[in-house]
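The residues of the chain are indexed from 1 along the displayed sequence. The shown structure was predicted, so the numbers you read here are calculated from the model rather than taken from an experiment.
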Amino acid sequence: MSEQKHYFFSVDLGATSGRTILGTLSGGRLEQEELTRFANNLVQTGGHFYWDIYALYFEMIRGLQIVGKRGIDITSVGIDTWGVDFVFVGDDGALLRNPIAYRDPHTFGRMEEYLEKVVGRREVYDITGIQFMNFNSLFQLYAMRQDGNAALRNCSKVLFVPDALSWMLTGEAVCEYTIASTSQLLDPRTGDLSERLLESVGLTRSHFGRMVQPGEQVGVLTKEVQQLTGLGPVPVIAVPGHDTASAVAAVPAKNGHFAYLSSGTWSLMGIETQQAVINERSYALNFTNEGGIEGTTRFLKNICGMWLYERCRKEWPEEVRRLSHPELQGSAMDVEAFRSIINPDDAMFANPPSMIEAIQQYCRQTCQTVPQTPPELCRCIFDSLALRYRQVFGWLKEFADFPVDVLHIIGGGSLNKYLNQFTADALGVEVLAGPQECTAIGNIMVQAKAAGLVDDVWAMRRMIAASVDTVPYHPQGDGAAWAEAYEKYLAIINKF
């Protein structure tokens, strides 16, 4: 007798591309099938950069139509996206233009202005526990209010992007907790949006939907969507709407004594805590508290990750770009270790005209050997990232009220075997790399939990561990050499 199969539809949207995925649970294991993949394009018009919310809706419908044509009886739908951005809805139920993208320059200088003139920096952090970034929703809303944005002025509802897409599918307006936590409007102590901060940008709690936790049902597909797709009244589940929250939900950990590193363009290193960590030390180090599943907090720090490598790769000659990532990264292993060290999070690496020149300038100004070739630049980046990881990991161990025994590396960066080994050597702990496609896995498994197929997050993680391969890395390098390099790193970043 064959095992019963349960099907789930996942929408996973990043800031550059998106996917629709069919997840199948059978016999205690998860399988995934990518149905569609598509670009998420910024639209530049009228002096602003927008996301095309209608194009994203179209792609969701297209994926659902494939499911309908194949006659697959899906259990539910879940949507995760990038953070902070939002859509305005009018009192007639229509969208008031496409959402402005967080990359739009309209927030430049507005964060500083808000913190000086409206609510002070320390008070904002004490309320939210969120790190300061100029594109956080709070500062976007402030910039729009200052600019007389007509959509904001006339809105009835403000919906974060995954909530807007679930609203387009169901007609139900909600405010999912993990995506709301990226906004710098949420008070983690109360579990709701701060009236103080909402008032500071001219909004009230009624402008937002009801607060829902991951796993709660938003609604069912509208009659219109059912007709478009050939499906019935399928439930839409509020999965962790922030893609990183879905990714962390998929960490195949055995117990709570772990740290995670979501590795991609950005590296997000953190721990799961039962309560938000908001104190003088977390404020000084600019750590952030974002919502997780089952009432947990993702206490983490953003680190400039493979952005450095990606930007350099774009500048290298075509014959270098033709090399595979393993070939190019492997060539860096022939370069002397620790000859050039940078602070990956220095402001000069945020978005320089030339990343190669920025790295060379940093090394020149700190009286180090200046990397010239692609292997030398790669080695500089990987050494420096591992040392930065060591620093942040040390801070996390200070904050954690439990021993941190292992680091789970998830996301696309988990495929970088050289950096993974450097990380194990630098931190002196076991590193487990994988899964790569963790965001969609977390999305699907929270839907499975909502359907009663798994009991809790640990049952989820056991099933994930049984369904994916992880690669272990143990400290192998010269511990004394890494300790010496770390002292060099600290001396460099403290002086520059």
Between [Y] and [X], is there a salt bridge with N-O shorter than 4.0 Å?
{"X": "Glu398", "Y": "Arg281", "result": "yes"}
{"X": "Arg122", "Y": "Glu280", "result": "yes"}
{"X": "Asp85", "Y": "Arg103", "result": "no"}
{"X": "Asp345", "Y": "Arg388", "result": "yes"}
{"X": "Arg37", "Y": "Glu34", "result": "yes"}
{"X": "Arg121", "Y": "Glu116", "result": "no"}
{"X": "Arg379", "Y": "Glu336", "result": "no"}
{"X": "Lys314", "Y": "Glu310", "result": "no"}

Are any non-hydrogen side-chain atoms of [X] and [Y] less than 4.5 angstrom apart?
{"X": "Phe49", "Y": "Pro105", "result": "yes"}
{"X": "Ile179", "Y": "Asp163", "result": "yes"}
{"X": "Ile356", "Y": "Trp316", "result": "yes"}
{"X": "Leu159", "Y": "Phe208", "result": "no"}
{"X": "Ile409", "Y": "Leu432", "result": "no"}
{"X": "Thr20", "Y": "Phe38", "result": "yes"}
{"X": "Phe160", "Y": "Thr81", "result": "no"}
{"X": "Leu141", "Y": "Leu152", "result": "yes"}

Would [X] and [Y] count as having a side-chain donor-acceptor pair, cut-off 3.5 Å?
{"X": "Thr36", "Y": "Glu59", "value": "no"}
{"X": "Tyr362", "Y": "Gln368", "value": "no"}
{"X": "Glu176", "Y": "Thr178", "value": "yes"}
{"X": "Ser194", "Y": "Asp187", "value": "no"}
{"X": "Thr45", "Y": "Tyr50", "value": "no"}
{"X": "Glu290", "Y": "Thr244", "value": "no"}
{"X": "Gln140", "Y": "Asn136", "value": "no"}

To the closest 0.5 Å, what do you measure between [atom1] ([X]) and [atom2] ([Y])?
{"X": "Leu300", "Y": "Ser262", "atom1": "CG", "atom2": "OG", "result": "9.5 Å"}
{"X": "Met111", "Y": "Asn134", "atom1": "CE", "atom2": "CG", "result": "6.5 Å"}
{"X": "Leu268", "Y": "Asn302", "atom1": "CG", "atom2": "CG", "result": "4.5 Å"}
{"X": "Asp192", "Y": "Cys175", "atom1": "CG", "atom2": "SG", "result": "7.5 Å"}
{"X": "Met445", "Y": "Ser467", "atom1": "CE", "atom2": "OG", "result": "7.0 Å"}
{"X": "Ile278", "Y": "Tyr283", "atom1": "CD1", "atom2": "OH", "result": "13.0 Å"}

### Task
Evaluate the criterion salt bridge (Lys or Arg N to Asp or Glu O under 4.0 Å) for residue pair Glu294 and Lys449; output intermediate values, then yes/no.
CA-CA 11 Å; Glu294 295 190 359; Lys449 179 175 177 289; 3.7 Å; yes
#### Entry: Steps toward side chain to side chain contact (heavy atoms under 4.5 Å, CB included) verdict (Arg298, Asn289)
CA-CA 6 Å; Arg298 291 176 292 119; Asn289 293 268; over 6 Å; no
Determine whether the aromatic ring centres of residues [Y] and [X] are separated by less than 6.0 angstrom.
{"X": "Trp482", "Y": "Phe338", "answer": "yes"}
{"X": "Tyr309", "Y": "His325", "answer": "yes"}
{"X": "His408", "Y": "Phe258", "answer": "yes"}

### Task
Mind running side chain to side chain donor-acceptor pair (under 3.5 Å) on Ser200 and Tyr114 for me, showing each step along the way?
CA-CA 9 Å; Ser200 74; Tyr114 174 93; 2.7 Å; yes
Lys/Arg cation over aromatic [Y]: [X], 6.0 Å, 45° cone:
{"X": "Arg390", "Y": "Tyr486", "answer": "yes"}
{"X": "Arg461", "Y": "Trp458", "answer": "yes"}
{"X": "Arg97", "Y": "Phe88", "answer": "no"}

### Query
Which word best sums up how the rings of Phe382 and Phe422 line up, parallel for under 30°, tilted for 30 to 60°, or perpendicular for over 60°?
perpendicular
### Query
Using the ring of each side chain (for Trp, its six-membered ring), is His106 parallel, tilted or perpendicular to His48, with breaks at 30° and 60°?
perpendicular
### Task
May I have the step-by-step check of side chain to side chain contact (heavy atoms under 4.5 Å, CB included) for Leu419 and Leu385, ending in yes or no?
CA-CA 8 Å; Leu419 182 54; Leu385 282 173; 4.0 Å; yes
### Query
When you look at Arg322 and Glu318, which way does the salt bridge (Lys or Arg N to Asp or Glu O under 4.0 Å) test go after all the steps?
CA-CA 6 Å; Arg322 281 200 299 262; Glu318 185 178 351; 3.4 Å; yes
### Task
Check the pair Val406 / Val431 against side chain to side chain contact (heavy atoms under 4.5 Å, CB included), numbers first and verdict last.
CA-CA 6 Å; Val406 62; Val431 166; over 6 Å; no
### Task
Could you walk me through whether Ile100 and Asn149 pass the side chain to side chain contact (heavy atoms under 4.5 Å, CB included) test, one step at a time?
CA-CA 11 Å; Ile100 292 180; Asn149 183 284; 4.2 Å; yes
Quick check: does any side chain N or O of [X] sit under 3.5 Å from a backbone N or O of [Y], one acting as donor and the other as acceptor?
{"X": "Asp425", "Y": "Gln476", "result": "yes"}
{"X": "Ser263", "Y": "Ile410", "result": "no"}
{"X": "Gln421", "Y": "His474", "result": "yes"}
{"X": "Arg462", "Y": "Pro252", "result": "no"}

### Summary
Of Tyr125, Phe299, Phe132, the one forming a ring pair (Phe, Tyr, Trp, His ring centres under 6.0 Å) with Phe287 is Phe299
### Which atom of Ile381 lies closest to which atom of Cys312, heavy atoms considered
CD1-SG, 4.1 Å
### Query
If you count the non-hydrogen atoms of other residues, nucleotides and ligands that lie under 6.0 Å from CD in Glu31, is the total more than 12?
no
### Query
Does atom CG of Asp469 have more than 12 heavy-atom neighbours from other groups under 6.0 Å away?
no
#### Entry: Ser354 vs Glu315, side chain to side chain donor-acceptor pair (under 3.5 Å): CA-CA, chis, key distance, verdict
CA-CA 8 Å; Ser354 167; Glu315 296 180 50; 2.7 Å; yes
### Task
Begin with the C-alpha distance, continue with both residues' side-chain angles, and end with the deciding distance and a verdict on side chain to side chain donor-acceptor pair (under 3.5 Å) for Tyr473 and Thr423.
CA-CA 9 Å; Tyr473 295 85; Thr423 303; over 6 Å; no
